[in-house]
Amino acid sequence: MSDKVKLTYGGAVNAALARCLEQYPETILYGEDVALPGGVFGVTRGLQKAFGERVFDTPISETAMLGAAVGAAMMGRRPIVEIMWMDFALVAFDQIVNQAANVRYVSEGRLSAPLTIRTQQGNAPGACAQHSQNLEALLLHVPGIRVAMPVSAQDAHDVLIAAVACDDPVVVIENRTLYPGAKAEVQLNQPPQPIGGHRRRRRGDDVTVVTWGAISASVQAAADLVAAEGIGADVIEAVWLNPFDTEAVQDSVRRTGRLLVVHEANVTGGFGAEVVARVVEAGVPLKAPPRRLGAQDTRIPAAVALAQAVLPQTAQIADALRALVKG
Amino acid sequence: MSDKVKLTYGGAVNAALARCLEQYPETILYGEDVALPGGVFGVTRGLQKAFGERVFDTPISETAMLGAAVGAAMMGRRPIVEIMWMDFALVAFDQIVNQAANVRYVSEGRLSAPLTIRTQQGNAPGACAQHSQNLEALLLHVPGIRVAMPVSAQDAHDVLIAAVACDDPVVVIENRTLYPGAKAEVQLNQPPQPIGGHRRRRRGDDVTVVTWGAISASVQAAADLVAAEGIGADVIEAVWLNPFDTEAVQDSVRRTGRLLVVHEANVTGGFGAEVVARVVEAGVPLKAPPRRLGAQDTRIPAAVALAQAVLPQTAQIADALRALVKG
Amino acid sequence: MAEPLEHLLGMWRIRILEETVQQLRLDGDIVGSVHLANGQEAIAVGACAQLKSQDAVFATYRGHGWALARGVPAHGILAELLARKTGVNGGRGGSAYFSAPEYGFYGENSIVGAGVPIAVGAALAAKFDNSGRVSLAVFGDGAMNQGGVTEAMNLAAVKSLPVILVCENNRYSELTPIEDMVRNPDLSARAGALGIPAVRIDGNDPVQVSTAIALARQNAAHGLGPTFVEAETRRIVGHYIGDAQQYRPEGELEADLQAEPIKRFRRQLEGAGVPNEIVDGVEEKARREIKEATERALADPPVDPSTALEHLYV
Amino acid sequence: MAEPLEHLLGMWRIRILEETVQQLRLDGDIVGSVHLANGQEAIAVGACAQLKSQDAVFATYRGHGWALARGVPAHGILAELLARKTGVNGGRGGSAYFSAPEYGFYGENSIVGAGVPIAVGAALAAKFDNSGRVSLAVFGDGAMNQGGVTEAMNLAAVKSLPVILVCENNRYSELTPIEDMVRNPDLSARAGALGIPAVRIDGNDPVQVSTAIALARQNAAHGLGPTFVEAETRRIVGHYIGDAQQYRPEGELEADLQAEPIKRFRRQLEGAGVPNEIVDGVEEKARREIKEATERALADPPVDPSTALEHLYV
Ligand SMILES: Cc1ncc(C[n+]2csc(CCOP(=O)(O)OP(=O)(O)O)c2C)c(N)n1
Ligand SMILES: Cc1ncc(C[n+]2csc(CCOP(=O)(O)OP(=O)(O)O)c2C)c(N)n1
Ligand SMILES: [Mg+2]
Ligand SMILES: [Mg+2]
């Protein structure tokens with residue numbers, strides 16, 4: 001039987017969850033509407049049927065859900081908790097930042113919290129301001145929490161398995177606009193990969209573009225556009241943000257001399273600043289000032305035309321690439 | 001009667017609160033232990049006596065406290081809420097990020113939320129990991145929330161008045177190690193100042209140091225140290241972080257050609273990255289790669305000797321200045 | 001118009017608005033997630049009938065009906081959902097997060113439970129501003145398990161704040177039955193344990209709702225603090241448009257459709273001898289109104305992207 | 001040793017540990033915020049007497065006594081507070097946030113209420129790991145108003161998780177009386193409303209505590225889920241060392257000192273005819289133990305700053 005199957009992004013997550021539940025008897029999977037209904041996006045469909053009471057629905061109690069994950073993880077379980085939207089994690093941020101993140105360090109390694117939080121974020125057409133944020137930067141400032149943002153079906157699958165296998169708390173941030181996309185070939189049954197790493201989505205010598213999350217597609221589209229004009233973009237899609245592959249970025253910029261960081265999160269205080277800082281602190285020689293492109297520093301409006309005015313679009317990314325390279 | 005009085009930092013905050021309660025009948029002041037007991041640091045002492053039921057104690061319910069501030073502010077009150085430790089805001093982060101920040105924008109300006117959150121943060125000797133964090137970067141990534149971190153008694157006073165007068169949500173982050181310090185002369189009864197701005201704590205031409213919060217004292221001590229060695233540091237203490245005085249920093253770096261950012265918060269994802277990014281994106285010519293100094297990317301241990309190994313110390317700041325200037 | 005007919009008109013308005021929204025959403029004129037209140041109309045209508053102009057309503061994402069019952073014009077709501085400049089928030093709120101404070105509608109909220117502390121804050125303001133305002137928080141059965149709701153109820157209780165706590169118990173949180181998420185299905189007991197007067201009522205009867213809210217409003221106005229009203233109801237549509245509702249046991253929807261408030265209220269009016277043409281006339285009036293509002297909204301200009309950065313700060 | 005004398009010994013150990021800690025703090029050997037449990041010893045001692053080795057205790061910043069009652073050596077606790085390498089967490093936890101899982105003490109917590117969901121998680125684990133573990137969450141009266149506590153109680157109830165919920169009602173949250181922060185002073189009523197068996201007991205009587213916890217543990221072990229025990233008590237010291245306690249009404253502390261568990265239990269033992277020298281011998285034994293532990297801890301090497309970055313990740 002072949003290990004390659006065609007799966008949507010959502011299907012790849014489902015397959016990864018099934019494998020974890022199969023392979024690690026200590027996993028439990030829970031969240032709002034994940035069990036009987038199979039998840040509001042259908043991502044956890046069939047899992048309760050297959051794995052019984054290890055997969056269960058919870059009340060709308062994010063603090064209890066995440067706190068329970070910390071406690072269960074301390075005791076040797078590997079809880080996988082779905083927080084339906086990253087925005088909702090804010091009602092329970094204490095359990096991530098003040099609790100999960102401290103377990104191993106403060107106990108001098110006597111305790112650990114091998115839990116995985118699966119969530120998704122970002123804008124989708126018509127979504128309101130409370131369902132549209134990109135909040136990865138908040139977690140990336142918290143030592144003790146690993147963070148990944150897989151974009152491809154393969155990475156969605158592999159990252160989740162790596163997260164569950166990891167003995168530290170990991171937040172895997174998916175994106176609901178990716179769930180129903182086209183099917184892609186996904187290689188199953190590989191051994192769990194170590195956490196960390198990136199994908200080079202295109203090779204080029206003129207400008208390095210670092211990106212993560214669903215907006216990577218726009219970055220690649222923009223890179224295609226400018227390639228036709230003779231601009232070679234080196235596109236690094238950061239799959240893991242903690243740990244972040246700083247060296248890969250520095251190496252690329254050493255080659256290209258130019259840096260653009262693109263994220264869907266708003267610019268100020270976003271992780272793009274960190275990427276820029278790590279490159280310039282290392283003294284990598286630059287032919288042009290580095291640039292960041294992200295959402296404008298405002299709230300996200302519901303109307304599609306307004307949201308588009310706020311979020312980075314392919315044309316703007318292409319313009320930024322041109323400006324960086326052609327000055 | 002003179003308008004200048006000698007006050008501790010805590011006393012200056014108290015005076016500002018009294019003035020706000022006096023001058024703005026729409027202010028209310030509440031929090032845990034703030035009214036009858038006068039606050040766990042004594043900062044709100046005497047205010048309930050003077051202003052009656054507009055000053056009151058609340059249950060240990062940060063979500064209700066902050067949510068109530070949003071609702072009361074929408075109705076034209078100017079709530080001043082004390083969150084005893086910034087760390088505790090995480091149990092209620094939703095009410096800041098998803099609620100307060102959205103009120104004006106999403107309503108197209110039909111509603112506003114003129115509330116002030118007073119809190120304090122940072123490490124103090126022996127404090128545990130859950131009472132030691134510097135979390136300003138989390139708020140600085142949230143459009144719609146103003147943030148200040150006053151260091152001097154005068155600024156603690158003035159910033160609070162500006163915050164209360166401001167028609168948008170403002171978080172004023174104080175520091176408990178500053179409350180009981182030496183008294184300083186504080187000018188009272190000036191008209192409320194606009195939000196924004198910085199203090200230049202020292203002038204110099206060799207290196208720009210941008211800092212904020214209580215660690216500014218260590219920065220100034222380090223600047224004094226290296227001044228004796230002929231290194232002139234231009235020390236910019238950012239009183240307000242949103243709005244942040246980007247131009248002042250860029251102007252200074254244009255003059256010095258060197259940049260060090262120092263904050264007590266851990267480095268990765270801290271606001272220091274934003275400051276670095278804003279300088280390099282603007283193409284300000286640099287004689288040396290910029291540098292950031294902050295807490296190591298770890299949790300904060302309780303033992304003083306361990307915490308000192310994690311938090312930036314004066315000697316390290318001085319070393320960083322030397323390295324930047326002397327290469 | 002006599003009060004019962006007002007109730008019927010109010011309920012029809014909501015029903016037809018929601019049906020219109022559903023159609024516009026299926027046609028692609030409205031984009032994104034939409035939560036309808038079909039079947040729950042009696043609560044908004046019965047409650048708002050007792051509120052005064054100074055009162056403040058805080059609803060959830062399932063709030064179109066509450067806005068309409070509060071007096072927000074259907075046109076402004078539809079234009080908001082249709083991303084028109086003339087929407088109550090110029091398209092920034094959308095279906096799930098709009099407000100219209102001019103009408104005492106202080107907004108929907110898309111974070112479960114988060115509106116309750118905010119409503120309590122509006123009540124707190126009333127303690128100081130001589131407005132005589134009573135504030136009303138609406139939330140679902142599922143929201144009872146969000147900690148901030150308990151916090152807010154306790155704060156309201158201990159400070160005796162003028163707030164009415166309306167729990168719309170439609171027995172589901174999204175796709176999950178509340179009975180699977182609590183041990184004690186009597187949610188009002190939690191309010192009682194906090195020292196808050198609490199009743200469970202038939203939320204499909206606008207008259208019963210109106211009575212409970214009338215008393216609750218008086219409690220608030222007399223300085224007695226919060227009252228908790230658990231209104232039992234059924235939503236007769238999916239949680240969101242597109243919800244296949246496979247979680248419903250067989251026969252449930254059919255039973256719910258029999259108990260739904262409009263059909264029931266019509267039967268009552270007929271039983272009381274109100275002539276058919278009067279009852280039908282109410283429905284037609286509502287249809288005309290919503291149709292006209294829809295046409296106007298569809299003809300309105302779209303939002304203007306050049307304004308997208310305005311109003312973040314003062 | 002007979003059980004009553006065990007209770008007395010346990011309480012003395014805690015009292016003397018806390019007095020020692022207070023002295024070390026005032027002398028500057030211990031640095032930072034310290035919360036003592038003087039007066040509340042009977043709860044920890046009575047409860048831990050009923051726990052088994054596989055059980056897991058989750059306490060608050062006021063947790064030295066629970067750790068000691070759970071069997072954590074006084075030396076490890078003192079060394080932790082004194083920032084010694086030999087501290088249970090090598091000085092990383094400090095007074096307010098240490099753990100010693102080897103003894104079933106899964107830690108203090110300095111975020112009010114936050115330990116309760118975590119304890120519920122440990123109980124959740126027990127559903128799957130055949131450990132027979134019962135978990136026990138301790139929290140204060142004030143913590144009842146932190147929303148996460150209600151969430152956690154409900155989750156435990158609906159999933160019937162083996163957790164004992166112990167509310168140490170010492171009538172104050174820091175400097176504020178609980179009676180000013182709730183309408184209904186019977187906090188156990190909230191558990192009742194969630195469908196959780198709940199009792200209010202005299203928390204200054206270790207025997208009564210022990211009885212309640214014995215039953216609660218059996219509920220848990222029999223798959224019946226959580227039990228809520230509201231243990232009324234008094235702290236006879238400040239909230240933290242240095243608290244001037246001006247918030248106390250006149251005469252309160254004096255009355256509390258009469259009702260404090262050690263004095264009372266001694267009186268009971270004397271009344272029951274236990275010879276004075278035996279009763280006094282228990283105190284002396286505790287004093288010797290703590291003194292010896294203190295001397296050892298003080299002689300231990302300080303924490304090693306070069307290890308400060310270890311153990312953030314695996
Ligand atoms: C804090 C938070 N968690 C989860 C969600 C996702 N969510 C949206 S509606 C809903 C169900 C709410 O159920 P209920 O309170 O009964 O209201 P109803 O939809 O039935 O009116 C959930 C879980 C959310 N919006 N906010
Ligand atoms: C979320 C949060 N809010 C506030 C505090 C500050 N705080 C520490 S202890 C305390 C009082 C807790 O009272 P109670 O729960 O009765 O416990 P006790 O101290 O009486 O044992 C408060 C408000 C905190 N640590 N965490
Ligand atoms: Mg519901
Ligand atoms: Mg207490």
Side-chain angles (χ1 to χ4, degrees), chain B residues 30-42 44-45 56-67 84-85 87-92 94-95 123-133 176-177 266 268 295-311 313, chain D residues 25 30-34 61 80-85 87 89-98 108-114 140-149 172-178 180-182 239-240 243-247 302-313:
Chain B
Y30 61 84
E32 294 155 16
D33 306 304
V34 301
L36 255 182
V40 287
F41 305 110
T44 50
R45 209 171 279 154
F56 57 92
D57 291 312
T58 66
I60 311 173
S61 304
E62 282 79 4
T63 301
M65 289 156 62
L66 292 174
M84 206 183 281
W85 251 258
D87 311 70
F88 310 160
L90 299 180
V91 298
D94 169 70
Q95 287 292 346
N123 182 249
C128 80
Q130 296 171 325
H131 282 60
S132 291
Q133 294 166 101
R176 66 191 173 287
T177 66
N266 61 295
T268 295
Q296 308 248 26
D297 286 317
T298 190
R299 315 303 307 166
I300 308 295
V304 173
L306 294 175
Q308 278 174 351
V310 163
L311 297 164
Q313 307 295 317
Chain D
R25 174 67 179 75
I30 292 173
V31 172
S33 203
V34 172
Y61 45 87
E80 180 65 23
L81 275 59
L82 287 161
R84 297 304 199 265
K85 227 182 214 167
N89 300 140
R92 287 163 174 225
S95 165
Y97 190 33
F98 70 76
E108 302 188 293
N109 207 307
S110 275
I111 301 296
V112 166
D141 45 290
M144 288 296 291
N145 294 329
Q146 185 64 222
V149 174
Y172 284 98
S173 331
E174 298 203 330
L175 325 177
T176 298
I178 187 68
D180 295 351
M181 293 299 122
V182 294
H239 169 67
Y240 43 75
D243 173 5
Q245 303 187 64
Q246 285 167 338
Y247 48 85
V303 293
D304 175 359
S306 77
T307 66
L309 298 185
E310 293 171 3
H311 296 299
L312 178 63
Y313 300 108

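So you know, we letter chains A, B, ... as the sequences are listed, proteins then strands, and number each from 1.
Taking the six-membered ring where the residue is Trp, B:His131 and B:Phe88 present perpendicular rings, their angle passing 60° and hence far from 30°.
For chain B, the nearby part of D:Tyr240 is the side chain; its heavy atoms alone come within less than 4.5 Å. Looking at B:Thr63, neither its backbone nor its side chain comes within 4.5 Å of chain D, counting heavy atoms on both sides. Both the backbone and the side chain of D:Gln146 have a heavy atom closer than 4.5 Å to some heavy atom of chain B. Using a 4.5 Å cut-off between heavy atoms, D:Asp304 contacts chain B through its backbone alone, with no side-chain atom that close. Contacts of B:Met84 with chain D are made by side-chain atoms alone, with heavy-atom separations under 4.5 Å and no backbone atom involved. Proximity to chain D (any heavy atom under 4.5 Å) is shown, for B:Ala124, by neither the backbone nor the side chain.
Interface summary for chain B: among D:Val34, D:Asn109, D:Leu82, D:Leu81, the most heavy-atom pairs under 4.5 angstrom belong to D:Asn109. Counting heavy-atom pairs closer than 4.5 Å to chain B, the top residue among D:Ser173, D:Ala244, D:Ala96, D:Ser33 is D:Ser173. Among D:Gly94, D:Gly147, D:Ala308, D:Gly87, the residue with the largest count of heavy-atom pairs under 4.5 Å with chain B is D:Ala308. Each of B:Thr298, B:Thr58, B:Leu90, B:Asp33 has some count of heavy-atom pairs under 4.5 Å with chain D, and the biggest count is that of B:Asp33.
At distances below 3.5 Å, at least one donor-acceptor pair connects side-chain atoms of B:Asp57 with backbone N or O atoms of B:Val34. Side-chain atoms of D:Glu80 come within 3.5 Å of backbone atoms of D:Gly90 as a donor-acceptor pair (strictly under, hydrogens ignored). One N or O on the side chain of D:Arg25 and one on the backbone of D:Gly32 form a donor-acceptor pair closer than 3.5 Å. Here the side chain of B:Gln313 pairs a donor or acceptor atom with the backbone of B:Leu311 at under 3.5 angstrom. No donor-acceptor distance shorter than 3.5 angstrom exists from the side chain of D:Asn145 to the backbone of B:Pro59, with no hydrogens or angles considered.
Taking CH2 from B:Trp85 and CZ from B:Arg176, the interatomic distance works out to 5.0 Å, rounded to the nearest 0.5 Å.
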